[in-house]
Protein chains: 2
Amino acid sequence: MGSGRNSYHHGDLRRSLIDEGLALTRSRGPRALGLRAVTRQVGVSANAAYRHFANQQALVAAVAGEILEKMAAQMREFITADPSPDPREQARHRLRAVGLGYITFAVSEPGWFETAFFGTEMSDRQSTGSDDHDETPERHETASDDHDEAPEHYDEAPPFALLVEALDGMVAAGVLSAERRPGAEWSCWSAVHGFAELVVHGPLRQRESVEVMTLAARVVEDIIAGIR
Amino acid sequence: MGSGRNSYHHGDLRRSLIDEGLALTRSRGPRALGLRAVTRQVGVSANAAYRHFANQQALVAAVAGEILEKMAAQMREFITADPSPDPREQARHRLRAVGLGYITFAVSEPGWFETAFFGTEMSDRQSTGSDDHDETPERHETASDDHDEAPEHYDEAPPFALLVEALDGMVAAGVLSAERRPGAEWSCWSAVHGFAELVVHGPLRQRESVEVMTLAARVVEDIIAGIR
DNA sequence: GCAACATGTGTACACTGTGAACTTCATACA
DNA sequence: TGTATGAAGTTCACAGTGTACACATGTTGC
């Protein structure tokens, strides 16, 4: 059948829940992504979500995954063709675009950014807090019964892959020496992610976005110069 | 009288709540800092906390403030006297120590680090979510415009002040040019905070701490080289 | 047509933060 | 020496949360 919801069964509830999760987090961040809130919005009972997600965290992880895809897509748009014929300058431009694209996404979609990187942390269940100290042996990852589900693998996330590509391109173009290549992703990722973090819930929060992007350009420039 | 709790009144409940908050967040992060959990641990009713804090966020903010003090203290310990007589090298060493001290704190006290920078975000109340029409009966507004509540001033936080000091020292020592000084704090803060973030809930989470500190040294070196 | 199965509903429970009214105690003042 | 006052802690209540369990409903293979 089509994706209508004219009857008892919904059609594609999983898709609808994720879509509504995207809408909620876009405007109000990860704390708006309650299990009851999402199901209420879709017009379905709260427990219906458990047919498609092991728990709330799994829903958040699924939404976060789609946000990371959107982020990578916007970053790719950011990497337009470079007018410069010099491959050295092209490689540098590409790396710059990766960094600025990352930050641009965080600035223009703070709710999504927050959800992608801190969403699952926000929705943790409590653990009784009994007085004797426990070592918290949690780590129950719900075994990922479904196909997708890559909740915490930032290092496999599409934006990270773009960064790695750009850095490899730097080496290929001869702008970055091979022995300084390993570890460079952590410097770049740290600077760019840290800056986004400062914008989203740090001291740069209420600054004008043009001022923010000026500072962002400085940060990106500095870290590219720093990895050498 | 002393700080005993032998009678109906507690003595210094505010202090005890913060101390217990520090203990809880140290081992289990900001999500363990529930209002009921803290008061239960102290042995007092839940609403007793409201005599000392406007709400849960205020408690978290108070705990976060004390953590930032501890962080700055550990960073200051990290800045030991430099054997080098060269003031240029001293200034650089100082900046390096600020960065590595910051990261070291995050690595050795992840629960505290998370609480200091993300604690208040974790405990936000929801707002009904029905963007349709609201027929909520009269809602008495608490109108708490009265007392301040400034929980988010990272840029006035002690660790940030240490960074600014170190950068000014770089200029004074002639290692950093005056016209590249403005904005340099954002580059450094971004790189260091971003790296700490990757360690605390990013892809570097379960790496050995010696390996983490090796990578940290690289990041700090890169960003110092980058600001020029 | 009917069993098996997947999907959505209803009820219930243990939690949470917080408001309002009540109780206890320490202290200033007659 | 009382006694009013007010700060500090208690109890009760309420709305809201995630989720476990039993049940209802619709789809699909035989």
Side-chain angles (χ1 to χ4, degrees), chain A residues 1-17 21 24 30-61 119-120 122-130 138 140 142 145-146, chain B residues 1-17 21 24 30-61 119-120 122-130 134-144:
Chain A
M1 303 306 180
S3 62
R5 79 291 299 278
N6 45 8
S7 67
Y8 189 90
H9 286 66
H10 183 275
D12 194 351
L13 182 53
R14 180 187 167 89
R15 188 66 258 151
S16 297
L17 290 174
L24 283 172
R31 287 174 303 283
L33 189 46
L35 204 76
R36 287 183 125 106
V38 171
T39 51
R40 194 185 307 136
Q41 211 72 16
V42 171
V44 101
S45 91
N47 282 5
Y50 285 93
R51 296 292 167 185
H52 303 273
F53 301 98
N55 49 33
Q56 191 204 12
Q57 275 222 24
L59 206 196
V60 175
T120 68
M122 302 282 189
S123 59
D124 201 6
R125 304 299 91 231
Q126 77 287 357
S127 63
T128 74
S130 205
E138 81 266 6
H140 57 291
T142 70
D145 53 348
D146 258 333
Chain B
M1 296 310 171
S3 62
R5 80 293 295 278
N6 45 8
S7 68
Y8 189 92
H9 286 68
H10 183 276
D12 193 351
L13 181 54
R14 181 186 165 89
R15 187 66 256 151
S16 297
L17 290 174
L24 283 172
R31 287 174 302 282
L33 190 46
L35 207 82
R36 286 184 127 105
V38 175
T39 52
R40 193 185 309 135
Q41 211 72 18
V42 171
V44 102
S45 89
N47 283 13
Y50 284 93
R51 295 290 165 185
H52 304 275
F53 302 97
N55 49 35
Q56 191 205 11
Q57 274 222 24
L59 206 199
V60 175
T120 67
M122 302 283 188
S123 58
D124 200 7
R125 302 298 90 230
Q126 78 290 354
S127 62
T128 75
S130 88
D134 49 358
E135 79 272 4
T136 52
E138 53 196 86
R139 183 85 188 119
H140 53 81
E141 71 281 14
T142 52
S144 63

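We name chains A, B, ... by the order of the sequence lines, and we start the count at 1 in each one.
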A:Tyr50 OH to D:dT17 P: how many Å, rounded?
12 Å

Could I get the full list of side chain to side chain donor-acceptor pair (under 3.5 Å) partners for B:Arg15, not counting sequence neighbours?
B:Asp19, B:Glu66

Rounded to whole Å, CZ of B:Arg31 lies from P of C:dT16 at a distance of 15 Å

Grab the CD-P distance between B:Gln41 and C:dT16 for me, whole Å please.
12 Å

Nearest atoms (heavy-atom pairs only) where A:His52 meets A:Arg14:
O-NH1, 3.3 Å

Taken in chain and number order and not counting sequence neighbours, the residues that satisfy side-chain contact (heavy atoms from CB on, under 4.5 Å) with B:Arg51 are none

Which pairs, protein N/O on one side and nucleotides 21-23 of chain D N/O on the other, fall under 3.5 Å?
unit_1 : atom_1 : unit_2  : atom_2 : d
D:dC21 : N4     : A:Asn47 : ND2    : 3.0

Quickly work out the B:Arg36 CZ to D:dC14 P distance and round it to whole Å.
14 Å

How many whole angstroms separate atom CG of B:Asn55 from atom C1' of D:dA15?
17 Å

Taking for each residue the nucleotide of DNA chain C with the nearest heavy atom, is it B:Ala37 or A:Ala49 whose nucleotide lies nearer the 5' end?
A:Ala49

I need the CZ-P distance between B:Arg40 and C:dG17, as an integer number of Å.
9 Å

Within the pair B:His52 and D:dA7, is there a side-chain N or O less than 4.0 Å away from OP1 or OP2?
no

Over all heavy atoms of both residues, which pair between B:Ala58 and B:Ala54 is shortest? Give the atoms and the distance, please.
CB-N, 3.9 Å

Rounded to whole angstroms, how far apart are CG on A:Leu17 and P on C:dT7?
13 Å

Are any side-chain N or O atoms of A:Gln56 and backbone N or O atoms of A:Leu33, one a donor and one an acceptor, separated by less than 3.5 Å?
yes

Interatomic distance, A:Leu35 CG vs C:dT16 P [rounded to whole Å]
19 Å

Intermediate values then yes/no, side-chain contact (heavy atoms from CB on, under 4.5 Å), B:Phe53 and B:Val60
CA-CA 10 Å; B:Phe53 302 97; B:Val60 175; over 6 Å; no

